[in-house]
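Quick note: residue numbers are just sequence positions, from 1.
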Amino acid sequence: MKQDRFLIAILIGIGVLIVVSVALFFFRQGGQSYLPDDTPEAVVHNYVLALHRHDFERAYGYLTENEKRPNLDTFRRSFLSGQLNIDQAAIEVGKAELFDSQALVQVRVLYVSGAPFSSDAGVPGTAVLVRQDGQWRISEMPYPYYPPDWLWAPPD
């Protein structure tokens, strides 16, 4: 009889943990929101958030206009096809260094390993932004948020 109560208490405890975990998951999903686009750090934040929300038109709008920028359909397909896989990645946005019409934002790309007893790996990087038409636009981001082939034209 005492063992039955103990087992019931354990099952109730597990049930409570499951409910709390699910509630936290859904609470954290809605926790991120877009920031005003007035700083380089906010533009990087908004670009990454738009990608994770699959709002590709908004994310695409944060890119600089140049000859290597893909069209919107190619941009969207890069993420949806898995060529650029951000499902296991996140970014910590750091401080920005401002120059006349350019900004360098320190970022850290975090990769979820999924392995037990291991911590998530983080790779430092830099987001490069330029001012175009009075707005900060991304000209370079660390992989997997921006592939290297969008940066340079092939040599002649």
Side-chain angles (χ1 to χ4, degrees), residues 17-156:
L17 287 175
I18 290 171
V19 168
V20 168
S21 297
V22 170
L24 283 174
F25 173 78
F26 286 111
F27 177 73
R28 289 186 67 193
Q29 292 288 53
Q32 294 288 331
S33 59
Y34 291 108
L35 302 173
D37 294 331
D38 54 358
T39 65
E41 299 96 316
V43 170
V44 171
H45 169 91
N46 292 343
Y47 173 75
V48 171
L49 184 58
L51 288 175
H52 280 281
R53 288 184 174 177
H54 289 195
D55 187 354
F56 297 111
E57 286 186 43
R58 182 171 185 151
Y60 186 76
Y62 289 116
L63 300 179
T64 57
E65 294 183 24
N66 62 42
E67 66 278 352
K68 288 299 291 175
R69 181 172 107 165
N71 63 38
L72 177 59
D73 188 50
T74 302
F75 176 79
R76 180 184 296 117
R77 276 188 282 127
S78 296
F79 291 98
L80 293 177
S81 69
Q83 176 190 358
L84 296 174
N85 187 358
I86 60 171
D87 291 340
Q88 300 295 317
I91 280 195
E92 286 180 356
V93 180
K95 300 276 184 194
E97 289 183 63
L98 299 175
F99 304 97
D100 293 327
S101 62
Q102 187 179 50
L104 303 177
V105 179
Q106 299 305 310
V107 297
R108 186 171 176 83
V109 181
L110 305 172
Y111 295 96
V112 179
S113 65
F117 311 114
S118 67
S119 60
D120 297 341
V123 179
T126 303
V128 179
L129 291 87
V130 295
R131 275 233 188 249
Q132 283 186 336
D133 300 323
Q135 300 291 318
W136 288 109
R137 297 288 180 243
I138 296 170
S139 66
E140 184 177 341
M141 281 282 293
Y143 185 84
Y145 290 93
Y146 196 98
D149 61 339
W150 292 352
L151 297 175
W152 303 285
D156 293 331

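In this structure, Y143 and Q83 approach most closely via the heavy-atom pair OH-O, 3.4 Å. The heavy-atom pair separating G122 from P124 by the smallest distance is O-CD, 3.9 Å. For A59 against Y47, the heavy-atom pair with the smallest separation is O-CD1, 3.3 Å. Counting all heavy atoms, side chain and backbone alike, Y60 lies closest to P70 at OH-O, 2.6 Å. Across R137 and L63, no two heavy atoms sit closer than the pair CD-O, 3.8 Å.
If you take CE on M141 and CG on L84, they are separated by 11.5 Å, rounding to the nearest 0.5 Å. Between atom OH of residue Y146 and atom OG of residue S139 there is a gap of 6.5 Å, rounded to the nearest 0.5 Å.
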What do the steps show when you test F75 against R69 for side chain to side chain contact (heavy atoms under 4.5 Å, CB included), and what is the final call? CA-CA 9 Å; F75 176 79; R69 181 172 107 165; over 6 Å; no
E140 and T126: side chain to side chain contact (heavy atoms under 4.5 Å, CB included), yes or no, with the steps? CA-CA 8 Å; E140 184 177 341; T126 303; over 6 Å; no
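For P144, the side-chain contact (heavy atoms from CB on, under 4.5 Å) criterion is met by I86, A89, V109, Y111, not counting sequence neighbours. Residues satisfying the side-chain contact (heavy atoms from CB on, under 4.5 Å) criterion with R77, sequence neighbours excluded, are D73, T74. Taking R76 as the reference, nothing meets the side-chain hydrogen bond (donor to acceptor under 3.5 Å, both in side chains) condition, with sequence neighbours excluded. In terms of the ring pair (Phe, Tyr, Trp, His ring centres under 6.0 Å) criterion, residue partners of H52 (sequence neighbours excluded) are, by chain and number, Y145.
The side-chain hydrogen bond (donor to acceptor under 3.5 Å, both in side chains) analysis of residues 36-45, with sequence neighbours excluded, yields the pairs D37-N46, D37-Y62.
Side chains of V107 and P142 form a contact here, defined as non-hydrogen atoms less than 4.5 Å apart.
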For residues 127-135, run the donor-acceptor check on the side chains, cut-off 3.5 Å, and write out each pair with its distance to 0.1 Å, sequence neighbours left out.
{"from": "R131", "atom 1": "NH1", "to": "G134", "atom 2": "O", "distance (Å)": "2.6"}
{"from": "Q132", "atom 1": "OE1", "to": "E65", "atom 2": "N", "distance (Å)": "3.0"}
{"from": "Q132", "atom 1": "NE2", "to": "E65", "atom 2": "O", "distance (Å)": "3.3"}

Donor-acceptor pairs under 3.5 Å, side chain of residues 90-106 to any protein atom, not counting sequence neighbours: which ones?
none

